[in-house]
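Accompanying notes for the structure given below.
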Amino acid sequence: MIDIKILRNNPEKIKLNCKKRSVTNIDIDKLLGMDSDYLELLNNVENIRAKRNRLSKECKTNPEAREIVKGLKQELSDKEALLNELKAKINQQMAWLPNLLSPDVPDGNDDGDNEELKSWGDKPQFDFEPLDHQELGEKLDIIDTKRGGKVAQSGFYFWKGKGAQLASALFFWTQQELVKKGFTLFSTPCAAKEKTLYGTGYLPFFADQTYQLENEDLALIGTSEQVLVAYHGDEILASESLPLCYTANTPCFRTEAGSYGKETRGIFRVHQFQKVEQIVFCLPEDSETYHELCLQNEEYLLQQLNLPYRVVNVCIGDLGAPGYKKYDVDAFFPGFGNYREVCSNTNLNDFQARRLSVRYQDNNGTKGIVHTISATAVTDRVVCAIMENFQQADGSIIVPNVLRPYTGFDQIKS
RNA sequence: GGAGAGGUGGCCGAGUGGUCGAAGGCGCAGCAUUGGAAAUGCUGUGUACUCUCACGGGUACCGAGGGUUCGAAUCCCUCCCUCUCCGCCA
């Protein structure tokens, strides 16, 4: 949520931001008009209430006061109804305003315009034609998308046998590494109510991505970010307790409405995947630092796995509405022949925290709204990257050293 | 699923129509006392919105929403949530 005071004091800033982000469904001038109507009416209503409260105290001794207050009732309730209506309309519009942008965010329309910041690792050289993870997975009988479709739907899949062991090893190892780095591990609800999704900015912006449960105010989570950030909703955190660094390993459910084509081959874009997440709550002045720190963690993990990757600074057109600044980390997928996104790391600024009312207070009593960072650690996509990068001529896959203590084997072969 | 109890400020807890934004306690902060601390004493200590250059006002909030009333934490209705016991169960 944008601070409405920014809108009042500097509407041009908000207009420019909307223009940059190609937001056309909000009429800022109309919104401002509604807001000033609202403030005027609010003032009016509060004055009537003040009069009522004053006179009510006299009613015991002064029967005339009672008649005057009775006369105010209808006017007050009419105006209150109008006030509520106006407020709801304003909130509805405000909810669609995208976050402000960091000055670091590059211009651009889509992921092709993202700015590459660095790359790490050597792309593997093969003296054979490398396969993609789907084909490898089928040959080794460790990925089963066919039966995923049979029992659930296309877009669901099974990890099987050593594939499942490899995936479990990756997730467990990642959790351990993050805990070593000071993150608190959570096991979370995998369903969340509307307020939670709204508070984290997934509603209204990504409404078509959520699996809604029938006859319940519940949807399957699209990411543990939704529940981990909302965890501190309506709370005031002591500033000395910050930063709070949280992690969880959960399934993530996404309808992926409208995703077809080559990008969807294999288990790259699916309805359910597993993700280890990094969430940080911090003081506003520290969010840049922790945004970078989460990136370092992502890089550390990929380096430990020895996966070549690049880091990109995501451009305006590819940055979701709640984001203030975002880095993607793309691992190299030899079977696909290109880099593909495995991590995204977003500084959300106070956008979520304002919606959810997550505040801090320091020893002087100064209060403010915290900033949140939401960053991937690893997902199933990283397992796919491991498969494609460490495939051998005979179709087997070498397990990265760091995972061997958790898999109990160093190679997957048919 | 059945039966019961309950939701009040950071926490505990009083409060059944006006003097209640809310006693009392704990916690926290400041001051005094001390070599320093503990203990003790005094003082202060909710949130949000809004008006005002400011000092300082106003409004709202006792789980949520509605109703009754001149006036609701308190009465009525609906919903949500929590706890206890029984049953069932991964």
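Sequence lines set the chain letters: A, B, ... in the order given, protein chains first and strands last, and positions in each chain run from 1. Because only heavy atoms are used, hydrogens play no part in the values below, and waters and symmetry mates are left out as well, while side chains stay in.
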The first and last nucleotides of RNA chain B lying within contact of chain A, meaning any atom under 4.0 Å from one of its heavy atoms, run from B:G18 to B:G71
Assess A:Arg404 against A:Phe409: is NZ or CZ under 6.0 Å from the centre of the six-membered ring, and within 45 degrees of the ring's axis?
-> no
Exercise for review: Verify whether the ring centers belonging to A:His271 and A:Phe253 lie closer than 6.0 Å.
Suggested key: no
A:Gln153 meets the side-chain hydrogen bond (donor to acceptor under 3.5 Å, both in side chains) criterion, sequence neighbours left out, with none
- Taking the same atom, C1', in B:G87 and in B:G63, what whole-Å distance lies between them? 29 Å
Using Watson-Crick geometry (N1-N3 plus N6-O4 or O6-N4) or G-U wobble (N1-O2, O6-N3), each under 3.5 Å, B:C20 is paired with none
In short, side chain to side chain donor-acceptor pair (under 3.5 Å) pairs touching residues 64-74 of chain A with sequence neighbours left out are A:Gln74-A:Asp78
Sorted by position of nearest nucleotide on RNA chain B, 5' first, the leading residue of A:Ile236 and A:Lys70 is A:Ile236
Query - P atoms of B:C26 and B:U82, separation to the nearest Å - result: 32 Å
Check: Can the ring centroids of A:Phe186 and A:Tyr231 be said to lie less than 6.0 angstrom from one another?
Finding: yes
Answer for the Watson-Crick or wobble partner of B:C28, both distances under 3.5 Å, is B:G44
So salt bridge (Lys or Arg N to Asp or Glu O under 4.0 Å) across residues 323-334 of chain A, not counting sequence neighbours, yields A:Asp104-A:Lys325, A:Arg310-A:Asp330
Expected list for residues 35-43 of chain A near RNA chain B, using heavy atoms below 4.0 Å, is A:Leu39, A:Leu42, A:Asn43
A:His291 meets the ring-ring contact (aromatic ring centres under 6.0 Å, His included) criterion, sequence neighbours left out, with A:Tyr327
Exercise for review: Determine the Euclidean distance between corresponding C1' atoms of B:G18 and B:G13; express it in Å to zero decimal places.
Suggested key: 24 Å
5'-most contact on RNA chain B (nearest-nucleotide basis), A:Lys57 vs A:Lys51, goes to A:Lys57
